[in-house]
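Sharing a structure, written as structure tokens. Questions coming.
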Protein chains: 4
Amino acid sequence: MTAQHGTAPGTRRRSEASRRAILIAAFELVGEVGYAKLSIEGIAARAGVGKQTIYRWWPSKGAVLFDAFLMLSEGTGDSPALPDTGDLDADLKAVLRATVAELNDPRYDEPMRALNTEILHDPALAAAYAERLDGPMKELKKQRLRSAQRAGQLSGDLDLNVAIEMLWGPLLNRWLQRSGPLTPEYADTVVETALNGLRPR
Amino acid sequence: MTAQHGTAPGTRRRSEASRRAILIAAFELVGEVGYAKLSIEGIAARAGVGKQTIYRWWPSKGAVLFDAFLMLSEGTGDSPALPDTGDLDADLKAVLRATVAELNDPRYDEPMRALNTEILHDPALAAAYAERLDGPMKELKKQRLRSAQRAGQLSGDLDLNVAIEMLWGPLLNRWLQRSGPLTPEYADTVVETALNGLRPR
Amino acid sequence: MTAQHGTAPGTRRRSEASRRAILIAAFELVGEVGYAKLSIEGIAARAGVGKQTIYRWWPSKGAVLFDAFLMLSEGTGDSPALPDTGDLDADLKAVLRATVAELNDPRYDEPMRALNTEILHDPALAAAYAERLDGPMKELKKQRLRSAQRAGQLSGDLDLNVAIEMLWGPLLNRWLQRSGPLTPEYADTVVETALNGLRPR
Amino acid sequence: MTAQHGTAPGTRRRSEASRRAILIAAFELVGEVGYAKLSIEGIAARAGVGKQTIYRWWPSKGAVLFDAFLMLSEGTGDSPALPDTGDLDADLKAVLRATVAELNDPRYDEPMRALNTEILHDPALAAAYAERLDGPMKELKKQRLRSAQRAGQLSGDLDLNVAIEMLWGPLLNRWLQRSGPLTPEYADTVVETALNGLRPR
DNA sequence: CCCTAACCGAGACGGTACGTCTAGTCTTATG
DNA sequence: CATAAGACTAGACGTACCGTCTCGGTTAGGG
């Protein structure tokens with residue numbers, strides 16, 4: 001996977017400057033011109049790089065985009081943990097509201113749609129995404145849910161992966177398919193509904 | 001909307017034979033060569049049609065694909081209603097298992113991914129999808145849930161749109177991002193977790 | 001041959017404007033940037049034409065160049081006959097001096113070298129050259145020599161092709177290989193030497 | 001000139017093995033893949049040499065080719081003199097027939113065409129060719145013609161350069177432009193015509 | 001029942017981008 | 001310090017499609 005997406009550290013004499021210029025150019029361009037008009041030629045030109053340098057190190061446009069996201073996520077001082085005030089309901093609402101805000105942020109909307117487009121058609125990229133980009137964040141979510149589980153706020157036999165998908169799935173789907181307004185209130189509703197279930201209590 | 005996606009019935013002297021050939025060619029080709037290699041030229045060639053005939057009636061490749069799906073869904077004897085045995089849990093599991101089966105069907109996988117790719121980047125198409133393709137199915141789902149609500153099996157103040165997203169969102173997300181195995185058992189787990197909620201009961 | 005080099009008159013719906021623009025651009029460019037830097041892309045750009053329009057109608061860069069020359073030679077009101085004053089020696093000197101002048105003309109030097117480069121490596125193009133470009137001129141030369149033969153100024157059993165090569169071969173060789181100065185005086189010397197032979201008289 | 005074409009003897013620490021490998025590779029490759037597909041990269045790869053080693057010592061592809069020919073011609077035990085039986089006619093026919101045979105030899109045809117291509121566009125290379133490759137052979141020809149001149153078989157006031165061009169020019173031209181069959185009989189005809197002249201005797 | 005306008009297939013057109021190839025330069029490590 | 005190796009910027013190659021634009025040839029009403 002690593003080598004497949006061009007981040008191999010063992011490769012000799014690879015230009016780090018070119019690598020960074022390419023990833024930055026790719027991220028900027030996809031935000032400016034959109035996914036449909038993103039081209040390898042455009043990335044190379046913006047980065048001041050020969051096309052071959054891209055083709056040499058990445059197997060596809062999607063792989064470049066993926067590495068661009070990876071670079072950004074590593075650049076970010078990833079919040080070491082999700083908030084844990086003891087109030088599960090409030091904490092989850094805060095986190096899902098943050099997710100909603102990010103999905104609505106035009107700076108991230110187009111690039112993330114582009115990445116999802118590639119993931120949609122490239123299983124290898126999907127696996128890389130699950131492992132390298134989504135994985136760390138998912139681990140943080142699990143931590144918070146485990147903590148709630150220990151506090152007796154969640155079922156003991158709950159599959160945390162399912163719980164996460166129950167909370168974030170509706171949001172992501174609304175975002176991807178634009179099937180409804182993606183508001184903070186919606187985030188709250190999802191949290192409440194997921195925690196309490198559809199049945200009457 | 002109608003005119004925008006080439007299904008205008010009032011248009012004069014349009015060749016129905018060409019229209020059908022184009023939609024069939026589009027659907028078949030996307031399954032054979034994949035979304036990335038699907039081209040208007042290819043569709044025209046396969047359909048035995050001039051390129052202009054496509055450009056005249058559809059604004060984009062996605063619109064053709066959309067109409068191809070529409071034709072198929074209309075061809076299908078639309079199930080008039082979802083099963084309603086009175087056992088909400090069992091009925092939902094049956095329906096979600098059917099959804100899982102369809103998503104895993106290789107005949108529908110690639111075309112549906114292609115359509116989702118277009119929806120991802122084209123709000124107009126997303127709206128058309130919500131209204132014409134997803135809408136009717138969503139109405140059936142709502143019917144079944146309303147029936148359960150009347151029977152006191154679901155909260156009275158439940159937003160049915162949210163309920164539907166809580167049930168189908170996790171499935172669609174797993175399918176789109178390939179973030180986990182999409183099995184009948186998973187469908188069951190989602191139904192149970194959604195109905196009962198994440199909290200201990 | 002005709003069809004092979006894009007001059008086919010029967011081809012339907014070919015753009016004559018594009019054809020002319022390409023040939024003119026090719027001829028001008030080869031004179032400006034030289035043969036080594038002449039590129040299909042450059043010709044297309046200069047002609048305001050898509051690359052495919054060149055690739056559609058010509059099999060090679062050399063074929064374009066050839067047609068460019070053909071267009072020019074047809075544009076020229078080709079002198080209907082070589083001078084025939086009765087004085088063979090003087091007439092030949094005049095014609096060979098004209099050849100020398102043309103070979104020394106910088107406007108024709110580079111394009112003609114380019115064409116010869118292509119001919120050097122492409123037998124089909126060489127045949128086209130012999131037939132379409134060199135052929136008509138050669139026929140005029142033969143006419144003049146036949147007239148001299150009738151007047152008893154040339155051997156009756158002389159092979160006119162050989163005679164022509166004896167007269168023009170030395171000039172062309174000096175020009176191609178730059179093996180010596182190409183002056184009017186040299187033209188005179190060649191005529192005299194060829195007519196009288198190397199042996200003492 | 002010397003330095004310009006990479007034969008500098010004074011250069012320090014130059015690898016003779018690499019030099020030879022490059023020249024041999026260049027000669028072999030031009031015969032195998034043709035002039036159009038001959039590349040510096042190809043030569044370097046075949047010779048097992050870095051590209052820089054070629055760029056360091058030769059200014060152009062043509063210069064490499066030239067040196068390759070030079071190496072071969074020096075390898076040949078240079079015929080010390082042309083045949084001189086006293087029969088000028090027979091001797092010249094023998095020599096021109098040998099030239100014809102060489103020009104028709106497929107082992108030399110492609111490489112010589114390649115060299116001529118470069119000469120066509122590079123005056124410096126043309127001068128080097130005239131001096132180093134063609135020069136020695138031309139001197140031998142002049143020797144034979146001088147001998148004939150002394151024997152009264154050639155005009156006393158004949159310019160020997162012109163005589164040589166009169167004899168070899170037609171051959172070279174037919175070869176370069178493929179303007180006619182290049183046979184031993186043609187060589188004979190050229191000799192006879194050149195010696196006797198075009199006029200009736 | 002013919003006329004004529006819209007639609008049809010075909011495909012050439014000016015373009016953009018593809019992914020590959022080579023030019024010529026520069027860097028690294030090896031002997 | 002020249003070398004083999006090969007990454008680098010640059011840009012042409014020849015191909016595939018894009019979306020637009022004629023071309024003639026049907027084809028279906030409205031006169």
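Lettering of chains follows the sequences in order, A, B, ..., and the numbering in each one begins at 1.
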Exercise. With sequence neighbours left out, what residues match D:Arg46 under salt bridge (Lys or Arg N to Asp or Glu O under 4.0 Å)?
Worked result: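 D:Arg46 satisfies salt bridge (Lys or Arg N to Asp or Glu O under 4.0 Å) with D:Glu28, D:Glu32 only.
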Exercise. Is the shortest side-chain N/O distance from A:Arg56 to OP1 or OP2 of F:dC8 below 4.0 Å?
Worked result: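 It does, given that an N or O in the side chain of A:Arg56 lies less than 4.0 Å from OP1 or OP2 of F:dC8.
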Exercise. Can you name the residues that form a salt bridge (Lys or Arg N to Asp or Glu O under 4.0 Å) with B:Lys51, not counting sequence neighbours?
Worked result: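 Once residues adjacent in sequence are excluded, the partners of B:Lys51 under the salt bridge (Lys or Arg N to Asp or Glu O under 4.0 Å) criterion are B:Glu41.
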Exercise. Once you round it to whole Å, what is the distance between C1' of F:dA7 and CD1 of A:Ile54?
Worked result: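 Taking atom C1' of F:dA7 as the reference, CD1 of A:Ile54 is at 14 Å.
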Exercise. Rounded to the Å, how far apart are D:Glu16 CD and F:dT3 C1'?
Worked result: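 These atoms are roughly 15 Å apart.
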For this session: Round to a whole Å and report the spacing from CD1 of B:Ile22 to C1' of E:dC7.
Result: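 Rounded to whole Å, this separation is 12 Å.
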Exercise. Hey, is the side chain of B:Ser18 poking within less than 4.0 Å of OP1 or OP2 on E:dG9, counting only N and O atoms?
Worked result: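 Indeed, a polar side-chain atom of B:Ser18 lies that close.
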Problem set entry | Under 4.0 angstrom between B:Trp57 side-chain N/O and E:dA6 OP1 or OP2 |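 No, because none of the side-chain N or O atoms of B:Trp57 sits under 4.0 Å from OP1 or OP2 of E:dA6.
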What N/O pairs connect the protein and nucleotides 21-25 of chain E at under 3.5 Å? Give each pair on its own line.
residue	atom	partner	partner atom	Å
E:dC21	N4	A:Gln52	NE2	2.8
E:dA23	OP1	D:Ile40	N	3.0
E:dA23	OP2	D:Ile40	N	3.2
E:dA23	OP2	D:Glu41	N	3.0
E:dG24	N7	D:Lys51	NZ	2.9
E:dG24	O6	D:Lys51	NZ	2.7

For this session: Tell me, please, which residues at least two apart from C:Arg178 pass salt bridge (Lys or Arg N to Asp or Glu O under 4.0 Å).
Result: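 Residues passing salt bridge (Lys or Arg N to Asp or Glu O under 4.0 Å) with C:Arg178: none at all.
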Problem set entry | Integer-rounded Å distance: F:dA2 P and D:Arg19 CZ |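 Result: 17 Å.
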Exercise. With A:Glu110, which residues qualify under side chain to side chain donor-acceptor pair (under 3.5 Å), at least two apart?
Worked result: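 For A:Glu110 there are no side chain to side chain donor-acceptor pair (under 3.5 Å) partners, ignoring immediate neighbours.
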Exercise. Within this structure, what is the CZ-to-P distance between B:Arg20 and E:dC8, rounded to whole angstrom?
Worked result: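 From B:Arg20 CZ to E:dC8 P: 16 Å.
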Exercise. Within a strict 4.5 Å, meaning less than it, do heavy atoms of the C:Arg19 and C:Trp57 side chains meet?
Worked result: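 C:Arg19 vs C:Trp57: side chains apart.
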Exercise. If only side-chain N and O atoms of B:Thr53 are considered, is one of them under 4.0 Å from the OP1 or OP2 phosphate oxygen of E:dG9?
Worked result: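 For E:dG9, OP1/OP2 do have a side-chain N/O of B:Thr53 under 4.0 Å.
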For this session: Report the distance from atom CH2 of C:Trp58 to atom P of E:dA12, rounded to the nearest whole Å.
Result: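 One finds 14 Å between P of E:dA12 and CH2 of C:Trp58, rounded.
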Exercise. Among the nucleotides F:dC8, E:dG11, F:dT3, which one has an atom lying closest to any side-chain atom of A:Arg14?
Worked result: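 Nucleotide nearest to A:Arg14's side chain: F:dC8.
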Problem set entry | Any pair counted as salt bridge (Lys or Arg N to Asp or Glu O under 4.0 Å), so long as it reaches residues 111-121 of chain D, sequence neighbours left out |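 Pairs touching residues 111-121 of chain D that pass the test: D:Asp109-D:Arg113.
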Exercise. Given side chains that start at C-beta, do those of C:Asp122 and C:Phe66 come closer than 4.5 Å, heavy atoms only?
Worked result: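 They are not in contact (no side-chain heavy atoms under 4.5 Å apart), so the answer is no.
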Exercise. Where the side chain of B:Val49 is defined as all heavy atoms beyond and including C-beta, which of F:dT3, E:dG9, E:dT27 is the nearest nucleotide?
Worked result: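 Comparing F:dT3, E:dG9, E:dT27 against the side chain of B:Val49, the answer is E:dG9.
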